[in-house]
Amino acid sequence: MAQATLNRRALITGRVLSADRIVPPPGCEIASIVVQARPERLAELEAEITAIHGCEIHGRDARGKLVVVTEAPDAGSLGTILNTIQSLPNVYSAALVFHAIETA
C-alpha cells in the first residue's frame, strides 16, 4: 500500500491505516449480565457460569435470577461469553445490562 499523505480527509476515511499499524487499546471490556433461569437449577447453573473464564456471580435471587459480572479482552469475546451463557441448559434469558471499557 502506498503511503497516504497525512491529512484530515485521509485520517477520517482510514487511508492512513494499514493492518500492521492498528493497535488495540489497552485494558478490557467489563459487563454485567442478568440471567433468568429455572429456580430449581440455580446451583448447577452457577457452577457452569463460574467455569467460564472471566465470569463471577455477584447476585442471586431464589426466584431464578443471577447477576453475572464478566471481564473480556475485547467486545467480540464479550459477545461470545453472552452467547455461551444464553445457550446453557435451564437459562430462559441472559441480558447485557452494563458495559464499560476499562483502560489501563
Side-chain angles (χ1 to χ4, degrees):
M1 176 175 153
Q3 182 72 332
T5 304
L6 184 58
N7 61 41
R8 183 175 177 268
R9 183 175 300 273
L11 184 64
I12 290 172
T13 59
R15 288 182 288 189
V16 296
L17 298 177
S18 65
D20 58 322
R21 293 176 61 192
I22 297 174
V23 178
C28 62
E29 309 270 334
I30 298 172
S32 293
I33 301 168
V34 173
V35 179
Q36 180 69 48
R38 294 179 62 155
E40 65 274 9
R41 301 287 188 181
L42 276 184
E44 180 183 319
L45 184 59
E46 281 186 67
E48 291 174 331
I49 290 174
T50 55
I52 299 170
H53 180 71
C55 290
E56 297 177 5
I57 305 292
H58 279 270
R60 181 181 191 204
D61 183 278
R63 295 175 292 178
K65 290 184 183 174
L66 296 173
V67 176
V68 179
V69 175
T70 185
E71 184 177 308
D74 55 43
S77 299
L78 185 60
T80 300
I81 291 171
L82 180 60
N83 288 336
T84 300
I85 292 172
Q86 286 176 332
S87 65
L88 290 173
N90 304 310
V91 171
Y92 296 139
S93 67
L96 182 70
V97 294
F98 174 80
H99 175 239
I101 299 172
E102 186 70 25
T103 57

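One-based numbering along the sequence shown.
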In short, S77 meets D74 closest at the heavy-atom pair N-OD1, 2.7 Å
dist E46:CD -> E48:CD (nearest 0.5 Å) comes out at 11.0 Å
Here the gap from I52 atom CD1 to I85 atom CD1, rounded to the nearest 0.5 Å, amounts to 4.5 Å
In this structure, OG1 of T70 is separated from NE2 of H58 (nearest 0.5 Å) by 10.0 Å
query: Is a donor on one side and an acceptor on the other found under 3.5 Å between the side chain of Q86 and the backbone of A94?
result: yes
List the atom pairs, with distances to 0.1 Å, where a side-chain N or O of residues 29-37 and a protein N or O form a donor-acceptor pair under 3.5 Å, not counting sequence neighbours.
{"unit_1": "E29", "atom_1": "OE1", "unit_2": "H99", "atom_2": "NE2", "d": "2.3"}

| message | Do I57 and V68 make a side-chain contact, defined as non-hydrogen atoms from C-beta onward lying under 4.5 Å apart? | response | yes
If we ignore angles and hydrogens, is there a donor and acceptor under 3.5 Å between the side chains of T80 and N83? no
Q. Any link between L96 and I81 through a network of hydrophobic side chains (Ile, Leu, Val, Met, Phe, Trp, Tyr) touching at under 4.5 Å?
A. yes
Closest heavy-atom pair, R60 versus A43, reported as atoms and distance to 0.1 Å, is NH2-N, 3.6 Å
Interatomic distance, CD@E44 vs CG@L88, rounded to 0.5 Å, equals 10.0 Å
